[in-house]
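Here the structure is laid out as structure tokens; the discussion comes afterwards.
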Amino acid sequence: MDDLSQVLRIRREKLDRLRERGIEPYAYNFDATHRSSGAVDSFEEAEAAGTLDEGGHAGMVRVGGRIVAWRGHGKSAFAHVEDAGGRIQLYFKKDVIGEEAFADLDLTDLGDWIGVEGPLFRTRTGEVTVRVDSWTMLSKSLRPLPFGKVEVDADTGERTVHSGFADAESRYRQRYADLAVHPEVREVFRIRSRVVTALRGFMDGEGFLEVETPALQPLYGGASARPFVTRHNALDRTMYLRIADELYLKRLIVGGLDRVYELSKDFRNEGIDRSHNPEFTMLEWYQAFSDYEEQMDLVERMCLHVLDTVLDTRTITYGGKEIRFEAPFRRIGLVDSLSEALGTPVADLSDAELRARAKKLGVPELEGAGRGKLIDKLFGELVEPDLIQPTFVLDHPKELSPLAKPKRGDPELTERFELYIAGMEAFNAFSELNDPLDQRERFEAQARLRDAGDDEAQTIDEDYIRALEYGLPPTGGVGMGVDRFVMLLTDQSSIRDVILFPTLRSEE
RNA sequence: GACCCGGUAGCUCAGCUGGUAGAGCAACGGACUUUUAAUCCGUAGGUCCUGGGUUCGAUCCCCAGCCGGGUCACCA
């Protein structure tokens, strides 16, 4: 204990003193009658109904919470405790709770969980408060939480937090502390949960069946990304964590489950930045007899459903920009919009000319890039930054879309869309390629890319081709980055801020 | 992976041309029975990220590393 810092040592000493005084510092349960917000509501109802007693007290409540603020006044004290409903003020008075119970308050600290019982009243300054008759220790905190002091402007209600918990690294590593001291962080994850619930509700309502496919796979596919590689001992073979759900879900369409969706973690062994975490949440769905046109309508309806359900608005602010969701969303052709940006039809430009344009814009690493890649790069440079309002980008080059059907009337393109919102790709969809022979050729083209050194090119999945040979009906499929969508709805600039425990390097 | 920025008390930060460190909050002791960033008086609290180097002397300068943030690249 000598090697503990002063603040930790003193709390250990208080723990010992609690036990010496016969107080168990770690309780088994607490029978609360209200959450803090409900207690305040009950007081205001009594007040409105005129049922307060002469002293201005409403009925007894029992509330449990974490002590987040303390103001001692000698023979009395004010505190705030916080629970899932918010904060409520407590008023401890020596001649109400008794000498001994009041003295025991010396052994409490910010961060302790306590339970209190007493009637509610309104203080001179107007705050609904529990006048504590008795209190119990629920859990002694041995490590100080980095509470900031919260200043609330009486006129505007504006909250200012003084010297809070700002170190990004600590906040991610100790998310429990981040959540404990930041109600607004808790709110982000409540919204995340509601978004997921709304997505499920939408898919279920559209007649889709929620399914679970393997996360641990003998062969990975369905996207271009490097996988996490692991080993199954009993089978004595290499296994991969999935990078996408796509190929398994389409096997289910072959099997006759005509509308399926999966909401799950995918894993990609790539870099980490503000919009990428190695494990992330995808929603993918596939609908038989459908194509990408119909899926655009479905995506629009889904976005509006989630916004209506979770935020009750169709206008959001992201990074200071107002984003309006109004169906139909804008639709632009990838190649058409690029032609416009270039001032010359892309079709009239040779690969060499495209390469020269890209080089002029400072696009690096163009060696070996094919026409499709050049078009994609130029699009990313010239068009993408302006896609703030929800915009469907249509019909990507075939080379970039090995699982999408050729576009009707233009076999160099595919029937594919990506939905961009606030410059971020949030959805990706195809009319699914269901010609097994074409699919084999596409896989083989990918294999040639692999042999040429592209370790993100897709691998040939013979079992998937076998499934296609049995017959995949026309199918529309969509993948949605759930984390990114939550970023939009919660106005968070980093994916780490919508993932409870983002991937970090080891602390040691 | 490249570049830029950062790592000092439990938290938020300051620290001058190099002389082994300060503040506010939290904590501790005292005063205070309606406060709310409570107030007032006092006290204690440090692996200055790690390891080398330069120097009489390094939180500070140099090198290497670790961790984080940002930008770019990668991630169709």
Side-chain angles (χ1 to χ4, degrees), chain A residues 3-11 13-14 56 68-80 87 89-96 102 106 109-111 121-127 129 131 141-154 159-173 177 181 223-226 243 268-278 280 334 362-365 369-370 372-373 375-377 379-380 393 396-404 414 416 418 425 428 446 449 454-458 493-494 496 504-508:
Chain A
D3 56 344
L4 293 181
S5 73
Q6 187 189 44
V7 289
L8 299 184
R9 199 182 62 243
I10 287 166
R11 290 195 176 203
E13 287 165 7
K14 288 181 179 175
V68 296
W70 190 271
R71 296 175 294 282
H73 291 268
K75 296 184 181 64
S76 72
F78 286 91
H80 278 91
R87 291 184 173 204
Q89 182 166 255
L90 310 179
Y91 182 44
F92 295 92
K93 236 172 142 179
K94 191 173 184 176
D95 54 17
V96 170
F102 194 80
D106 287 344
D109 283 294
L110 293 185
F121 73 109
R122 206 180 268 286
T123 63
R124 200 154 64 191
T125 53
E127 183 164 349
T129 301
R131 195 211 65 200
S141 164
L142 296 181
R143 185 178 291 273
L145 280 165
F147 288 112
K149 288 210 166 186
V150 181
E151 181 180 7
V152 182
D153 188 295
R159 279 175 85 248
T160 312
V161 178
H162 299 269
S163 62
F165 187 35
D167 180 65
E169 180 176 358
S170 303
R171 290 182 51 205
Y172 296 137
R173 286 197 196 285
V181 304
S224 302
R226 281 177 292 171
I243 59 172
R268 295 187 185 176
N269 208 337
E270 311 275 2
I272 300 176
D273 65 25
R274 282 197 305 175
S275 58
H276 296 86
N277 195 65
F280 62 103
L334 190 155
V363 177
E365 300 196 29
K373 191 120 186 162
I375 290 171
D376 189 53
K377 287 287 177 192
F379 177 83
V393 175
H396 299 55
K398 192 168 168 181
E399 175 190 333
L400 301 174
S401 313
L403 299 165
T414 55
R416 174 176 177 184
E418 292 177 308
E425 179 199 334
N428 179 29
Q446 289 287 309
L449 289 175
D454 182 352
D455 57 1
E456 284 169 352
Q458 304 200 18
S493 61
S494 171
R496 295 181 198 98
L504 299 174
R505 280 180 215 278
S506 141
E507 221 174 329
E508 287 82 48

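Every chain is numbered from 1 and lettered A, B, ... according to where its sequence line falls, protein lines coming before strand lines.
The minimum heavy-atom distance linking A:Arg11 with A:Ser141 is given by the pair NH1-OG, 3.0 Å. Taking all atoms of both residues into account, the shortest heavy-atom contact from A:Val7 to A:Pro144 is CG2-CG, 4.1 Å.
Nucleotide B:G18 forms no Watson-Crick or G-U wobble pair with any nucleotide shown, as no partner meets the under 3.5 Å limit on both distances. Here B:U47 sits opposite no nucleotide as a Watson-Crick or G-U wobble pair (both hydrogen-bonding atom distances under 3.5 Å). Base pairing annotation: B:U12 forms a Watson-Crick or G-U wobble pair with B:A23, both donor-acceptor distances under 3.5 Å. Here B:U55 sits opposite no nucleotide as a Watson-Crick or G-U wobble pair (both hydrogen-bonding atom distances under 3.5 Å). Nucleotide B:A73 forms a pair with no other nucleotide shown, judged by Watson-Crick or G-U wobble geometry with both contacts under 3.5 Å. Across all strands shown, B:C32 has no partner, as no Watson-Crick or G-U wobble contact with both distances under 3.5 Å is found. When both pairing distances are held under 3.5 Å, B:A38 makes no Watson-Crick or G-U pair with any nucleotide shown.
Note on A:Arg505: every side-chain N or O is 4.0 Å or more away from OP1 and OP2 of B:C66. OP1 and OP2 of B:C32 both lie 4.0 Å or more from every side-chain N or O belonging to A:Lys93. Dashed line: the shortest gap from a side-chain N or O of A:Lys14 to OP1 or OP2 of B:A27 is not under 4.0 Å. Distances shown here put a side-chain N or O of A:Arg71 below 4.0 Å from the OP1 or OP2 atom of B:A38. For A:Arg496 and B:G70, the shortest distance from a side-chain N or O to OP1 or OP2 is below 4.0 Å. One finds no side-chain N or O of A:Arg11 lying less than 4.0 angstrom from the OP1 or OP2 phosphate oxygen of B:A27. At B:G10, none of the side-chain N or O atoms of A:Arg143 fall inside 4.0 Å of OP1 or OP2 (strictly under the cut-off). In terms of phosphate contacts, A:Arg173 brings no side-chain nitrogen or oxygen within less than 4.0 Å of OP1 or OP2 of B:C67.
Nucleotides B:A23 and B:G15 have their C1' atoms positioned 11 Å apart, rounded to a whole Å. A distance of about 16 Å separates the C1' atoms of B:G46 and B:A26, rounded to the whole Å. Here, B:C40 and B:U55 have their C1' atoms 48 Å apart, quoted to the whole Å. Of the P atoms belonging to B:C32 and B:A21, the separation is 38 Å, rounded to the nearest Å. When the C1' atom is compared between B:C49 and B:C66, the two are found 8 Å apart, to the nearest whole Å. For B:G52 and B:G29, the P atoms lie 41 Å apart once the distance is rounded to whole Å. Nucleotides B:U34 and B:C48 have their C1' atoms positioned 44 Å apart, rounded to a whole Å. Comparing B:C25 with B:G68, their C1' atoms sit 24 Å apart, to the nearest whole Å.
Not counting sequence neighbours, the partners of A:Glu418 by the salt bridge (charged side-chain N to carboxylate O under 4.0 Å, His left out) test are A:Arg416. For A:His73, the ring pair (Phe, Tyr, Trp, His ring centres under 6.0 Å) partners are A:Phe78, not counting sequence neighbours. A:Gln6 pairs by the side chain to side chain donor-acceptor pair (under 3.5 Å) definition with nothing, not counting sequence neighbours. A:Asp376 pairs by the salt bridge (charged side-chain N to carboxylate O under 4.0 Å, His left out) definition with nothing, not counting sequence neighbours. Scored by the side chain to side chain donor-acceptor pair (under 3.5 Å) test, A:Asn269 finds no partners at all (sequence neighbours excluded). When the side chain to side chain donor-acceptor pair (under 3.5 Å) test is applied to A:Arg143, no partner is found at least two apart in sequence or on another chain. Remark: A:Glu425 engages no residue in a salt bridge (charged side-chain N to carboxylate O under 4.0 Å, His left out) (not counting sequence neighbours).
When distances are taken from the side chain of A:Asp95 to each of B:A26, B:U33, B:G10, the shortest belongs to B:U33. Proximity note for A:Lys149 (side chain, C-beta onward) versus B:A37, B:G68, B:U12: the nearest is B:A37. Of the candidate nucleotides B:A73, B:U33, B:U71, B:U33 has the atom nearest to the side chain of A:Lys75.
Toward the 5' end of RNA chain B, the nearer of the two residues A:Pro144 and A:Phe147, judged by each one's closest nucleotide, is A:Pro144.
Put simply, the side chain of A:Glu127 and the base of B:U35 share no donor and acceptor less than 3.5 Å apart. A donor-acceptor contact under 3.5 Å is not formed by the side chain of A:Asp167 with the base of B:C11.
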*Check step by step if ring-ring contact (aromatic ring centres under 6.0 Å, His included) holds for A:Trp70 and A:Phe147.*
CA-CA 11 Å; A:Trp70 190 271; A:Phe147 288 112; over 10 Å; no
*Show your reasoning for whether side chain to side chain donor-acceptor pair (under 3.5 Å) applies to A:Thr129 and A:Gln89.*
CA-CA 5 Å; A:Thr129 301; A:Gln89 182 166 255; 3.0 Å; yes
Heteroatom pairs (N/O) under 3.5 angstrom, protein to nucleotides 4-7 of chain B:
none

I'd like a list of close polar pairs between nucleotides 42-44 of chain B and the protein, N/O only, cut-off under 3.5 Å.
| residue | atom | partner | partner atom | Å |
| --- | --- | --- | --- | --- |
| B:A44 | O2' | A:Gln6 | NE2 | 2.6 |
| B:A44 | N3 | A:Gln6 | OE1 | 3.3 |

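Using a 4.0 Å heavy-atom cutoff across all strands shown, A:Phe165 reaches sugar-phosphate atoms only and no base atom.
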